[in-house]
Amino acid sequence: MLQIEKLSGGYGDKKIVDRISFGVEKGRMLGILGPNGSGKSTLMKLISGVLEPTAGVVRIDGKPVGDFPAKELARKMAVLPQLHAHAFSHTVRETVSLGRYPHQSGWFSSWSEEDEAAVQEAMKLMDISHYESTLLEEMSGGEQQRVFVAQALAQNAAVLLLDEPTNHLDINHQKELLDTIKKQAIEKELTVISIFHDINLASMYCDELLLMDEGSIVRKGEPHEVVRTHDVESVYQTRVSNHPHPELPKPQITLLPGVRRKLAGQRVRAEDFLVTPEFVAYQSQLPLKTVSSAVVNAGSGWFRNFLNRRVDASYNIDNSFEEMVDYIEDSGLKATDTVAMMTAVRTEHAIVREYAGDFGSIVVAVRGSA
């Protein structure tokens with residue numbers, strides 16, 4: 001377990017982090033969030049021992065970090081910093097192998113089977129084995145990032161500190177990297193602390209989040225306790241909308257623009273619906289916010305075209321979604337901008353009525369009987 005108690009520190013006389021306390025259990029992953037200049041990287045340097053704290057203590061399994069000899073601490077804690085300086089040219093294998101240095105001893109250390117296995121496993125986990133003999137300067141920033149994560153994993157430390165591990169990575173490699181780290185945390189009971197700029201990624205993968213501002217903790221807890229509209233807007237000074245992840249019980253945010261084009265109002269009228277023996281359709285000049293259980297574009301979204309298509313009662317297609325998409329495209333519409341559903345009843349019997357009230361009006365379309 002990693003325990004931080006009333007930790008303070010900074011650079012020279014300038015205090016950046018002020019009396020921060022929290023703990024992370026084995027097998028758990030904590031994400032640190034906060035705007036630029038909030039103290040995230042400084043906190044990570046204080047935890048790792050790169051910076052000497054002015055107050056407080058960091059403990060690993062109850063023992064202060066300062067009481068560990070350098071090599072012993074490196075066997076306990078692996079660190080992936082934000083930036084890497086390359087003083088010498090190394091291959092991928094040589095770079096990952098540096099993660100085994102804390103496990104070497106004596107003047108004439110020999111490379112063990114355990115060292116080799118750790119390096120091979122780390123390269124495999126980061127999908128860089130085929131780059132084994134490639135020089136780092138010949139790789140993209142994203143590929144280099146995966147190499148340095150592999151180096152940290154090869155260290156086989158109980159505590160893993162990561163400063164923006166998904167930096168430079170495309171969305172697929174972001175997912176693969178965080179999937180791997182999460183799996184390692186669970187299976188090897190690692191204690192993982194990671195800085196994130198992407199709030200949604202942090203919410204998806206972390207057990208707990210810590211939101212910082214001006215060197216202090218604003219809120220700490222499970223993602224649903226931290227990723228709250230008011231707190232995020234207050235700390236980041238921007239407008240956001242909070243909504244649930246479609247597959248996980250985790251909150252996600254959507255950034256709301258500060259500059260918006262004002263759209264002219266549009267009234268949905270009953271007479272604008274097209275009712276034929278083949279379908280009932282409505283086309284809007286402007287995208288309308290929609291909630292639907294349709295075959296195509298179910299759920300919520302913004303769409304212009306709305307189509308209820310009649311099919312025969314004997315309709316039996318293996319992939320009704322693809323068949324419906326083809327039908328939409330053949331009709332001259334865009335499937336990405338159309339909510340489409342099916343019915344076996346006769347669409348020409350549909351009744352469309354508009355009802356007025358103090359709030360405005362509502363249009364109701366009811367399908368007729370077969």
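Residue numbers run from 1 in the order of the sequence given. Since this is a predicted model, take the numbers as computed values, not measurements.
- Pairs passing the salt bridge (Lys or Arg N to Asp or Glu O under 4.0 Å) check and including a residue from residues 299-309, sequence neighbours excluded, read Arg304-Asp337, Arg309-Glu323.
- Other residues, nucleotides and ligands place no more than 12 heavy atoms under 6.0 Å from the CD atom of Glu113.
- Here the CD1-NZ distance, from Ile181 to Lys183, works out to 13.5 Å after rounding to the nearest 0.5 Å.
- For the pair Thr91 (side chain) and Glu94 (backbone), a donor-acceptor distance under 3.5 Å is present.
- When the side chains of ILVMFWY residues are joined at heavy-atom separations under 4.5 Å, either directly or via intervening members, Leu190 and Met44 end up in two distinct hydrophobic clusters.
- Under a 3.5 Å cut-off, the side chain of Ser21 and the backbone N or O of Lys6 do form a donor-acceptor pair.
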### Message
I'd like to know whether Met126 forms a side-chain contact (heavy atoms from CB on, under 4.5 Å) with Leu153, so could you lay out the CA-CA distance, the side-chain angles of the two residues, the decisive distance to 0.1 Å, and finally the verdict.
### Response
CA-CA 9 Å; Met126 286 295 100; Leu153 291 175; 4.2 Å; yes

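- Ala150 and Ala122 get closest at one heavy-atom pair: O-CB, 3.3 Å.
- A donor-acceptor pair under 3.5 Å is formed between the side chain of Thr347 and the backbone N or O of Thr276.
- In this structure the side chain of Val17 reaches within 4.5 angstrom of the side chain of Leu46, judged on heavy atoms.
- When Lys250, Lys26, Lys182 are each tested for a salt bridge (Lys or Arg N to Asp or Glu O under 4.0 Å) with Asp207, only one passes: Lys182.
- In this structure a side-chain-to-backbone donor-acceptor pair under 3.5 Å is missing from Gln283 to Asn305.
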Would you tabulate the side-chain donor-acceptor contacts of residues 214-232 under 3.5 Å, counting partners in other chains and residues two or more places apart, or write 'none'?
from, atom 1, to, atom 2, distance (Å)
Arg219, NE, Asp231, OD2, 2.6
Lys220, NZ, Glu208, OE1, 3.3
Lys220, NZ, Glu208, OE2, 3.4
Glu222, OE1, His224, NE2, 3.4
Glu225, OE1, Glu222, N, 2.8
Arg228, NE, Asp231, OD2, 3.1
Arg228, NH2, Asp231, OD2, 3.2

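- The structure places OG of Ser194 at 7.5 Å from CG of Asp163, a figure rounded to the nearest 0.5 Å.
- Summarising the geometry, atom CD1 belonging to Ile199 is positioned 12.0 Å from atom CE belonging to Met204; distances are rounded to the nearest 0.5 Å.
- Leu210 and Ile253 are assigned to two separate hydrophobic clusters, defined by single-linkage of ILVMFWY side chains at heavy-atom distances under 4.5 Å.
- Lys71 forms a cation-pi arrangement with Tyr101, by the criterion of a distance under 6.0 Å to the ring centre and an angle within 45° of the ring axis.
- Separating the CG atom in Leu307 from the OG atom in Ser331 is a distance of 6.5 Å, to the nearest 0.5 Å.
- Of all the heavy atoms in Ile328 and Ala340, the pair that sits closest is CD1-CB, 3.5 Å.
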### Message
Run Ser112 and His103 through side-chain contact (heavy atoms from CB on, under 4.5 Å) and show every step you take.
### Response
CA-CA 10 Å; Ser112 68; His103 299 272; over 6 Å; no

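- Hydrophobic clustering (ILVMFWY, side-chain heavy atoms < 4.5 Å, transitive): Ile16 and Val50 are in distinct clusters.
- With rounding to the nearest 0.5 Å, the separation of CG in Asn308 from OG1 in Thr343 is 5.5 Å.
- Across every non-hydrogen atom of Ile195 and Pro165, the tightest pair is O-CD, 3.6 Å.
- Neither Leu33 nor Val24 shares a network with the other; the hydrophobic side chains, linked directly or stepwise wherever heavy atoms of I, L, V, M, F, W or Y lie under 4.5 Å apart, form separate groups for each.
- Between the side chain of Ser320 and the main chain of Ile317, no donor-acceptor pair closer than 3.5 Å is present.
- Leu136 has its side chain within reach of Phe148: a pair of non-hydrogen atoms, C-beta onward, lies under 4.5 Å apart.
- Residue Val339 belongs to a hydrophobic cluster whose other members are Val268, Phe273, Val275, Val280, Tyr282, Leu288, Phe303, Phe306, Val352, Val363, with links defined by side-chain heavy atoms closer than 4.5 Å.
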List the atom pairs, donor and acceptor, that lie under 3.5 Å between side-chain atoms in residues 53-67 and the rest of the protein, sequence neighbours left out.
from, atom 1, to, atom 2, distance (Å)
Thr54, OG1, Ser8, O, 3.3
Arg59, NE, Glu5, OE1, 3.4
Arg59, NE, Glu5, OE2, 3.1
Asp61, OD1, Met1, N, 2.7

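- Between Pro102 and Glu72 the shortest side-chain heavy-atom distance does not fall below 4.5 Å.
- Atoms CD and CD1, from Glu176 and Ile171 in turn, are 11.0 Å apart once rounded to the nearest 0.5 Å.
- At least one side-chain heavy atom of Leu43 sits under 4.5 Å from a side-chain heavy atom of Leu7.
- Here the shortest heavy-atom pairing between Gln174 and Leu201 reads OE1-CD1, 3.2 Å.
- In this structure, Glu114 and Arg100 have side chains that are in contact, with non-hydrogen atoms separated by less than 4.5 Å.
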### Message
Please determine whether side-chain contact (heavy atoms from CB on, under 4.5 Å) holds for the pair Tyr131 and Val147, giving the CA-CA distance in whole Å, both sets of side-chain angles, and the decisive distance to 0.1 Å.
### Response
CA-CA 9 Å; Tyr131 292 130; Val147 173; over 6 Å; no

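- Asn36 has its side chain within reach of His197: a pair of non-hydrogen atoms, C-beta onward, lies under 4.5 Å apart.
- A distance-only check finds a donor-acceptor pair linking the side chain of Gln145 to the backbone of Glu164 [under 3.5 Å].
- By the 4.5 Å side-chain criterion applied to Ile, Leu, Val, Met, Phe, Trp and Tyr, Leu98 is assigned to no cluster and stands alone.
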### Query
Please walk me through it: do Arg310 and Glu278 pass salt bridge (Lys or Arg N to Asp or Glu O under 4.0 Å)?
CA-CA 5 Å; Arg310 181 182 183 273; Glu278 187 178 353; over 6 Å; no

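- A side-chain donor from one of Gln120 and Glu116 sits under 3.5 Å from a side-chain acceptor of the other.
- Here the closest non-hydrogen pair linking Ala74 and Ala157 is O-CB, 4.1 Å.
- Identified under the salt bridge (Lys or Arg N to Asp or Glu O under 4.0 Å) test for residues 188-206, with sequence neighbours left out: Glu121-Lys188.
- Between Ser140 and His168 there is no side-chain heavy-atom pair separated by less than 4.5 Å.
- Looking only at side-chain heavy atoms (C-beta outward), Ile4 and Leu2 come within less than 4.5 Å of each other.
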### side-chain hydrogen bond (donor to acceptor under 3.5 Å, both in side chains) between Tyr205 and Asp179, intermediate numbers included
CA-CA 8 Å; Tyr205 283 94; Asp179 280 346; 2.8 Å; yes

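- The hydrophobic cluster containing Val159 does not contain Val192, counting ILVMFWY residues as joined when their side-chain heavy atoms lie under 4.5 angstrom apart, directly or transitively.
- Residues Thr42 and Gly9 share a closest heavy-atom pair of CG2-O, 4.3 Å.
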### Task
Take Thr191 and Glu25 through the test side-chain contact (heavy atoms from CB on, under 4.5 Å) and record every step on the way to the result.
CA-CA 6 Å; Thr191 299; Glu25 299 283 347; over 6 Å; no

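- Using modelled atom types, one side-chain atom of Gln252 and one backbone atom of Asn200 make a donor-acceptor pair closer than 3.5 Å.
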